[in-house]
Structures are given as C-alpha cells and as structure tokens.
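Side chains are part of it too, since the values below use all heavy atoms of this structure and drop only hydrogens, waters and symmetry mates.
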Amino acid sequence: ETEVADYMKSMAIRVSGFDVPRPIKSFADCGFPVQLMNAIAKQGYEKPTTIQCQALPIVLSGRDIIGIAKTGSGKTAAFVLPMIFHIMDQPELEKDEGPIGVVCAPTRELAHQIYLEAKKFAKPYNLRVAAVYGGVSKFDQFKELKAGCEIVIATPGRLIDLLKMKALKMFRATYLVLDEADRMFDLGFEPQIRSIVGQIRPDRQTLLFSATMPYKVERLAREILTDPIRVTVGQVGS
Ligand code: ADP
Ligand code: MG
C-alpha cells in the first residue's frame with residue numbers, strides 16, 4: 001500500500017471517500033475491450049493522464065465521482081471512455097428508448113468538443129451521439145433526437161427545451177456527467193441542472209467535473225451524488 005501512496009503523492013493526486021479503487025498505470029489496466037483500446041491508440045493516447053489514472057478505475061467500478069483538475073488535464077476521456085463501457089454493458093441496447101449517457105456542459109463550444117471526443121470512441125460500436133445546444137436549429141435537433149441516440153451532449157438550456165418538446169425520454173439514462181460544473185453555475189444554469197437531474201432516475205451513476213469547487217457547486221454535489229469519491233489533481237483554488 002505504501003507503493004500506491006507514494007505513486008499518488010508523486011502524481012499529486014488526493015482522494016477522499018470510502019473504498020477508493022487504486023489508480024491504474026496504463027489503459028491496459030482498465031479491462032477495456034479491444035475496439036476501445038484500438039480507438040484510444042488511434043487517438044495517440046499512449047498512457048492515461050493523472051486524472052485519468054485515478055478517475056477511470058473509480059468510474060469503471062460504478063462509483064459517483066467529483067473530479068477536480070485544471071483545464072487541459074484530460075477530463076473528457078475520463079468520463080467518455082467509461083461511458084462507452086457503461087453503455088455497452090446495458091441489456092437490450094437495441095431498444096430505442098432515449099439516451100443512456102447524458103453529458104451537460106456550459107457552452108456550445110465545449111459541448112461540441114465533447115461531442116467530437118465521444119464520436120471517436122463511440123464509432124467502433126456504432127453508438128449514436130447527439131449534440132444539443134443553442135445557436136443551431138432546434139427542429140433539426142428535435143429530429144435527430146427523435147431518430148434515437150445512446151449519448152446526448154447538451155447545454156442545459158437547450159436540453160430543457162427539447163425535453164419540454166418531448167424530443168427525448170430520460171428513463172433509460174443511467175450515466176450523467178456534469179462537466180465544468182463551476183462554469184455552468186457562473187452562467188446561471190443551476191435551476192436547469194437541477195431540473196435535468198430531477199428527470200433522471202436516482203439509481204444513475206453521476207459524475208461531476210470542475211476546475212474549481214465553490215460552495216454552491218459543493219452543495220449541489222452533496223445533494224445529487226451518492227457516496228462520491230473526490231479526486232483532486234494538483235493545486236486547485238476555489
Ligand atoms: P480538460 O477537459 O481536463 O480540460 P481535455 O479532455 O479537453 O482536458 O483534454 C486536453 C487535451 O489532452 C485534448 O487535446 C485531449 O485530446 C488530450 N488528451 C486527453 N487524454 C490524453 C492522453 N491520455 N494522452 C494524450 N493526450 C490526451
Ligand atoms: Mg473539459
């Protein structure tokens with residue numbers, strides 16, 4: 001165990017929560033199927049980044065997570081890779097009943113970046129990824145959602161609009177990601193986030209990522225996550 005402790009110290013990883021899985025050192029330690037390993041290699045990702053080393057085993061074990069690490073640390077793959085794994089693990093995947101993975105991000109630029117990353121890893125499995133954000137035709141997005149998807153990447157406001165229009169059903173959603181939670185709060189999306197969370201079954205797995213952890217975000221995390229493990233990488237202010 002001292003070996004693990006030394007390793008985590010060298011990586012500047014701090015964790016809190018119970019029964020924390022030990023960090024991995026390579027993608028091969030994740031138990032990913034060969035198609036996903038190939039997609040990772042194709043991306044040029046040789047080894048997991050620090051946040052990925054600790055977040056991947058936690059998320060893959062089904063636990064809720066609060067991941068705090070600065071921009072550029074590789075948080076997207078830390079939630080996208082286990083999301084693909086989670087979806088492929090679902091029974092009766094062919095039944096088209098709305099997204100299984102739901103990702104909320106503060107801006108359309110960010111949602112689009114996550115969409116591109118998710119597409120790359122979803123491709124070998126032919127999973128459908130829908131991007132839903134403002135500034136583009138709501139009608140086109142309505143049609144895309146109606147056609148079915150396994151993953152939706154959304155800004156909160158547009159997702160609420162489309163839920164009101166009954167473009168999608170949330171009862172199959174079991175994997176919820178709130179990315180850049182601090183920025184979503186700064187942009188005033190707290191009510192929309194709460195509404196979305198309230199429409200997703202409580203036995204979901206919930207992941208919250210943020211560069212900083214102000215009190216308001218902390219309070220929401222405490223309400224909507226179940227026994228989360230908190231992972232902090234590096235020096236983070238609040
Ligand atoms: P964050 O969300 O923490 O700001 P991103 O997920 O956007 O960070 O990743 C930042 C950059 O690092 C992206 O260009 C991404 O493709 C790249 N990246 C992510 N994981 C790895 C990895 N394991 N190896 C190499 N590059 C990676
Ligand atoms: Mg990010």
Side-chain ([X]) to main-chain ([Y]) donor-acceptor, under 3.5 angstrom:
X: Arg158; Y: Gln141; value: no
X: Ser210; Y: Met213; value: no
X: Asp29; Y: Ser26; value: yes
X: Arg172; Y: Gly98; value: yes
X: Lys146; Y: Lys166; value: yes
X: Gln90; Y: His86; value: yes
X: Asp64; Y: Leu225; value: no
X: Gln35; Y: Tyr125; value: no
X: Thr155; Y: Arg108; value: no
X: Thr206; Y: Leu176; value: no

How about Gln199 and Ser195: does a side-chain donor come under 3.5 Å of a side-chain acceptor?
yes

Approximate separation, where rounding is to 0.5 Å, of [X] [atom1] and [Y] [atom2]:
X: Arg63; Y: Leu207; atom1: CZ; atom2: CG; result: 12.0 Å
X: Thr232; Y: Ile68; atom1: OG1; atom2: CD1; result: 4.0 Å
X: Met83; Y: Thr76; atom1: CE; atom2: OG1; result: 10.0 Å
X: Thr50; Y: Gln54; atom1: OG1; atom2: CD; result: 10.5 Å
X: Lys120; Y: Ile84; atom1: NZ; atom2: CD1; result: 12.5 Å
X: Ile224; Y: Leu220; atom1: CD1; atom2: CG; result: 4.0 Å

Hphob cluster co-occupancy, [X] + [Y], side-chain heavy atoms under 4.5 angstrom:
X: Val4; Y: Val20; value: yes
X: Ile153; Y: Val136; value: no
X: Ile196; Y: Leu208; value: yes
X: Phe121; Y: Leu127; value: yes
X: Leu110; Y: Leu162; value: no

May I have the step-by-step check of side-chain contact (heavy atoms from CB on, under 4.5 Å) for Leu178 and Val217, ending in yes or no?
CA-CA 11 Å; Leu178 302 176; Val217 180; over 6 Å; no

Check this for me: does any side-chain nitrogen of one of Glu117 and Lys75 sit under 4.0 Å from a carboxylate oxygen of the other?
no

Cationic N near anionic O, under 4.0 Å, Glu150 to Lys119:
no

Closest contact, heavy atoms only, [X] versus [Y]:
X: Pro33; Y: Phe85; answer: CD-CE1, 3.6 Å
X: Ala39; Y: Pro124; answer: CB-CG, 4.3 Å
X: Leu56; Y: Cys30; answer: CD1-SG, 4.0 Å
X: Ala130; Y: Leu145; answer: CB-CD2, 3.9 Å
X: Phe189; Y: Gly157; answer: CE2-N, 4.3 Å
X: Pro106; Y: Arg183; answer: CG-CB, 3.9 Å

Does any part of the side chain of [Y], heavy atoms only, come nearer than 4.5 Å to the side chain of [X], both counted from C-beta?
X: Met184; Y: Ile193; result: yes
X: Cys149; Y: Glu144; result: no
X: Arg194; Y: Glu223; result: yes
X: Tyr175; Y: Pro99; result: no
X: Leu168; Y: Leu159; result: yes
X: Glu190; Y: Lys216; result: yes
X: Phe209; Y: Val231; result: no
X: Cys104; Y: Val177; result: no

Parallel, tilted or perpendicular: which fits the ring planes of His112 and Tyr133, with parallel below 30° and perpendicular above 60°?
perpendicular

Could you walk me through whether Phe142 and Met165 pass side-chain contact (heavy atoms from CB on, under 4.5 Å), step by step?
CA-CA 8 Å; Phe142 181 89; Met165 292 163 71; 3.7 Å; yes

Neighbour count >12 (heavy atoms, 6.0 Å) for atom CZ, Phe18:
yes

Can you spot which of Ile100, Val102, Val197, Thr226 makes a side chain to side chain contact (heavy atoms under 4.5 Å, CB included) with Arg204?
Val197

Determine, step by step, whether Met170 and Leu163 satisfy the side-chain contact (heavy atoms from CB on, under 4.5 Å) criterion, reporting the C-alpha distance in whole Å, the side-chain angles of both residues, the deciding distance to 0.1 Å, and the verdict.
CA-CA 9 Å; Met170 289 297 224; Leu163 280 164; 3.6 Å; yes

Kindly indicate, with the supporting measurements, whether the criterion side-chain contact (heavy atoms from CB on, under 4.5 Å) is fulfilled by Leu60 and Phe32.
CA-CA 10 Å; Leu60 287 166; Phe32 287 141; 3.9 Å; yes

